[in-house]
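Proteins get letters first, then strands, A, B, ... in listed order; numbering begins at 1 in each.
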Protein chains: 4
Amino acid sequence: MADRHRPSAAAEANPVRLHDKQNERDYRELRIDKVGVRGLRFPIQVRDKAHAVQNTVATIGLYVDLPKEFKGTHMSRFIEVLNAHGAMVHVENIPDILHAMQRKLHAATAHLEMEFPYFIEKHAPVSGLMGVMDYTARFEAAACGDEIDFVLGVVVAVTTLCPCSKAISRHGAHNQRGHVTVRLRSRETVWIEDVVAMVERSASCELYSLLKRQDEKAVTERAYENPVFVEDLVRNVALELNANPVVTWYQVEAENFESIHNHNAYACIAKH
Amino acid sequence: MADRHRPSAAAEANPVRLHDKQNERDYRELRIDKVGVRGLRFPIQVRDKAHAVQNTVATIGLYVDLPKEFKGTHMSRFIEVLNAHGAMVHVENIPDILHAMQRKLHAATAHLEMEFPYFIEKHAPVSGLMGVMDYTARFEAAACGDEIDFVLGVVVAVTTLCPCSKAISRHGAHNQRGHVTVRLRSRETVWIEDVVAMVERSASCELYSLLKRQDEKAVTERAYENPVFVEDLVRNVALELNANPVVTWYQVEAENFESIHNHNAYACIAKH
Amino acid sequence: MADRHRPSAAAEANPVRLHDKQNERDYRELRIDKVGVRGLRFPIQVRDKAHAVQNTVATIGLYVDLPKEFKGTHMSRFIEVLNAHGAMVHVENIPDILHAMQRKLHAATAHLEMEFPYFIEKHAPVSGLMGVMDYTARFEAAACGDEIDFVLGVVVAVTTLCPCSKAISRHGAHNQRGHVTVRLRSRETVWIEDVVAMVERSASCELYSLLKRQDEKAVTERAYENPVFVEDLVRNVALELNANPVVTWYQVEAENFESIHNHNAYACIAKH
Amino acid sequence: MADRHRPSAAAEANPVRLHDKQNERDYRELRIDKVGVRGLRFPIQVRDKAHAVQNTVATIGLYVDLPKEFKGTHMSRFIEVLNAHGAMVHVENIPDILHAMQRKLHAATAHLEMEFPYFIEKHAPVSGLMGVMDYTARFEAAACGDEIDFVLGVVVAVTTLCPCSKAISRHGAHNQRGHVTVRLRSRETVWIEDVVAMVERSASCELYSLLKRQDEKAVTERAYENPVFVEDLVRNVALELNANPVVTWYQVEAENFESIHNHNAYACIAKH
């Protein structure tokens, strides 16, 4: 065991000469579609529609392709690219991050995925009291050569009240929290806030963090007067997206955490 | 590097002489409360009230104490004890598993934790159609010398309908799925099924996997006629547990996934 | 709306006459791609290569398409189809479940997703002691008219040891648990066990639930002698899949929970 | 019940007269230990040792006790208290939040739990390059009358290398990511950074987000030269906490995501 502990003088003296295993020639003749890092928590600033900048924490994935000739990619360079572009992330500088990854990693394609909580201040419907509602936003961006593909994702929690339950019951109707996930491509920037608003007006009622008694009355009644199935929810959102000329592609999913079952109702509609 | 790859003939020939690092003397003078394995998925059979035996999959933790003199425990022995007691786990053989851990690991105390999905067949309230409802059960067992401590835990998903929302609104009332977690100690075996029944009659309505239209009408109306706050839910369950002479200790928690908020309502009551 | 609150004597007497809200005509002109239930926990039996039948617990999703004319699907029918086909699920009866969904829900397409823990008995490499290793399996099946599409997914946890770390360090090399996820389409049934074996021989070492000291020595040395990057791992598996004439499509992902970082290394390769 | 369905003109005109269901007398004679809200995502600022202020996102729980005379608590007041104290949370203003909850909710006891990602800049050990490492911090605070109880929790991810595997193997040693969770009470403020440092020097090696090749060599060798069992890890941290005169209570847990198993090794030690 002693041998193993004795440092090699040469290696110690010149750390830059450490063997670059990743750069070795690979003979399996297999190109790798995506290789990189994921599950990285990173504090970021995002531009929002109201306040210019919002602080939050993202979970990030960064990937490139790897040509068949190379044994491995250089994982530390992904972190260096991220660090170099600072904490401010917005739709406008994502192409820079992607192109920097392509350059630093000698790659044809580069991918960035990030998911983060996003907050919007809201006034309760009757009392007008202000509260902060949380949403989940996702960016899925890719560069292939010069071309950038960008998918905006937003997860919005809403109230859904069952039209069938209302129609057949003497009183009341089962309702529950549901999650709507919108993913879209667009010709121009679409704000997270605008996707949120679109989803919230498509549901039985929107959620609030702060509701006083008069507000609770209002949201209960609004939900009862606007019953929607998961099917209605995805169709309502799809109708709005179809009517929006800047949106070129979308996928809308809704999942209701049914209050009468221990499983969920789900619907999905996509623009093909 | 060649050296490192050449097997030592002596070590190879006599694997039983491999150094027992864990058995070394420790000088930090610190007894360890619990040491062992966790996050182990394992297929088990559990005895149920109706069918005698139910197949399911548990996530298991096994621990012992470690006296201050020893550097480490022997992790493989936990798995050997588990394997030796076969796939059939029930309240009656848990003491055997704990005592086997004490013996094999020379420990004063032993702990077993297991959590598993548990299924109960249920008939829909009007159509009578049969469906299977899933619950989560937990065993937390410990042996200290000869004495056994056993805590049964059951998580039951239910419907809760808000009394305030009903009282103040012209029509409807917000309702949602909620989770009730009961943990209890008892003088005699308490069946998971009996805890489930206790919780289900304390809620606005119980859940079903299969509901036809006439059933949906029935559960909607039943929930509307039995509004409960999280506070009511934990008190209703606590009242039943107080009335049960075999129950010596309990903790009841309720968490409602509010349909009007993106956060949850929570209440907890314990017998002290 | 007052009417709805007054119980209709007729409706009460004849529950089969309850209004079928879902069957109403929809005018939004939007076909829904997938609608149904998800997150349903269900006890199943799966046929395995060794023992004929294995008991486990699945999390299930069931969906159909919905033509643009209809307001909603009938959620309870998904559960009825599942109940009707009993607890025994295997590759051979999945087409029956899908076709039953198409029939009962008047749908052109039907989808079934299920994920479940899957167990394989393994002998430790030197001591030969038997332990049970857990894997995660997934079925993603769809029927479009008469045609069936079936994707088998398997998640295998393995040891990976970093070739770069080994090459540049005087002694040792960082290693960690990694997850390999294989998804494949095939002309004939491919056993979960065969996918597991393929992945395990592509990694630095396979995992075991039970290892005695001589086994631990063996797996430590085997991993050190077989360093693999995530890139190597996905390429090794892809090579095997390319060589298998029954496999018509695959996607291989590897994610290493790096022991030197708090983020993960990831690679993905697909047959296009 | 009919009344409740007919909108009361007075109630509409004067929302403050809406019935206060929660204030009703309860006759079950059961005090509730904790009732409130949980799972609330909220942007906060935390004071750190280096930069004065750090932006992050917390998941928050707020609870009070409820005397046996009252039917329910007033959930919206928890959010109002949180909003009133702004986004800046630090150890010094937590007593204010707790006392405000006691006052606004007429409660004897109040509880605040929050968990959030926490970031520390670190220089790689050889290259000196800067990266950001993420940790998880938790505050568990309670007020009982005037008295405040505060538990600081920190989860630190580290490298652990197995002493047994190293001792018995010709070369290499299995190592993995592990999580150490420290919870402590203290006479004076203890910084998250100081807990992190204590844990990191107790492990085989600390983690970094950014490591170049010479750094990877250094951390690989450092881990190989400092093997620790989970038992060593919790004892090393406990020794440091015992030596710290401001610490009055602690619990230290370690969980290793073993690279040779699909389950984890776990140890726990507490100051009694």
Side-chain angles (χ1 to χ4, degrees), chain B residues 1 4-5 7 11-12 14-22 37 39-45 54-59 74-80 82-83 87 116-119 121 124 126-127 129-136 170-172 208-218 221, chain C residues 1-2 4-5 7 11-12 14-22 37 40-45 54-57 59 74-80 82-83 87 116-119 124 126-127 129-136 166-167 171 208-218 221 224-225:
Chain B
M1 199 160 341
R4 224 175 294 153
H5 286 178
E12 293 297 284
N14 190 354
V16 298
R17 302 253 323 266
L18 290 173
H19 183 63
D20 188 348
K21 198 82 193 163
Q22 286 87 345
V37 297
L40 181 79
R41 288 202 293 184
F42 201 75
I44 59 162
Q45 292 188 299
Q54 177 168 141
N55 292 287
T56 185
V57 175
T59 303
H74 291 85
M75 297 288 182
S76 64
R77 297 186 193 169
F78 293 97
I79 311 296
E80 288 179 298
L82 193 64
N83 288 347
F116 50 91
Y118 188 83
F119 298 92
E121 295 194 346
V126 179
S127 71
L129 289 175
M130 203 283 292
V132 176
M133 251 297 288
D134 67 305
Y135 303 89
T136 298
R170 279 197 312 260
H171 39 231
Y208 297 86
S209 65
L210 177 57
L211 292 171
K212 301 303 291 180
R213 200 170 295 113
Q214 60 269 42
D215 302 311
E216 184 168 355
K217 174 178 164 57
E221 295 174 356
Chain C
M1 201 160 336
R4 217 173 296 144
H5 287 175
E12 293 294 283
N14 188 355
V16 298
R17 303 253 321 267
L18 291 173
H19 183 64
D20 188 348
K21 197 82 193 164
Q22 286 87 343
V37 297
L40 181 79
R41 288 202 293 185
F42 201 75
I44 60 162
Q45 292 187 300
Q54 177 168 140
N55 291 287
T56 184
V57 174
T59 302
H74 291 86
M75 297 287 182
S76 63
R77 297 185 194 169
F78 294 97
I79 311 295
E80 289 179 297
L82 193 64
N83 289 346
F116 49 90
Y118 188 82
F119 298 92
V126 179
S127 71
L129 289 174
M130 204 282 291
V132 176
M133 252 298 287
D134 67 307
Y135 303 89
T136 299
K166 173 178 169 176
H171 39 231
Y208 297 87
S209 65
L210 177 56
L211 292 172
K212 301 303 292 180
R213 201 170 293 113
Q214 60 270 42
D215 302 311
E216 183 169 355
K217 174 178 163 58
E221 296 174 357
Y224 192 79
E225 287 151 16

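The side chain to side chain contact (heavy atoms under 4.5 Å, CB included) test with Leu18(B) singles out one residue from Glu216(C), Lys212(C), Arg213(C), and that residue is Arg213(C).
Residue Thr136(C) touches chain B through both its backbone and its side chain, counting heavy-atom pairs closer than 4.5 Å. Neither the backbone nor the side chain of Met75(B) comes within less than 4.5 Å of any heavy atom in chain C. Interface residue Asp20(B): backbone and side-chain heavy atoms are both found under 4.5 Å from chain C. Only the backbone of Tyr135(B) comes within contact range of chain C, with heavy atoms under 4.5 Å apart. For a residue to count as touching a neighbouring chain, one of its non-hydrogen atoms must lie under 4.5 Å from one of that chain's; by this rule His19(B) touches chain C with the backbone only.
Counting heavy atoms from C-beta on, the side chains of Leu129(B) and Ile79(C) never come closer than 4.5 Å. In this structure, Val57(C) and Phe116(B) have side chains that are not in contact, with every pair of non-hydrogen atoms separated by 4.5 Å or more.
Considering all non-hydrogen atoms of both residues, Lys166(C) and Glu225(C) come closest at NZ-CA, 4.0 Å. Considering every non-hydrogen atom in both Leu210(C) and Ser76(B), the closest pair reads CD1-O, 3.4 Å.
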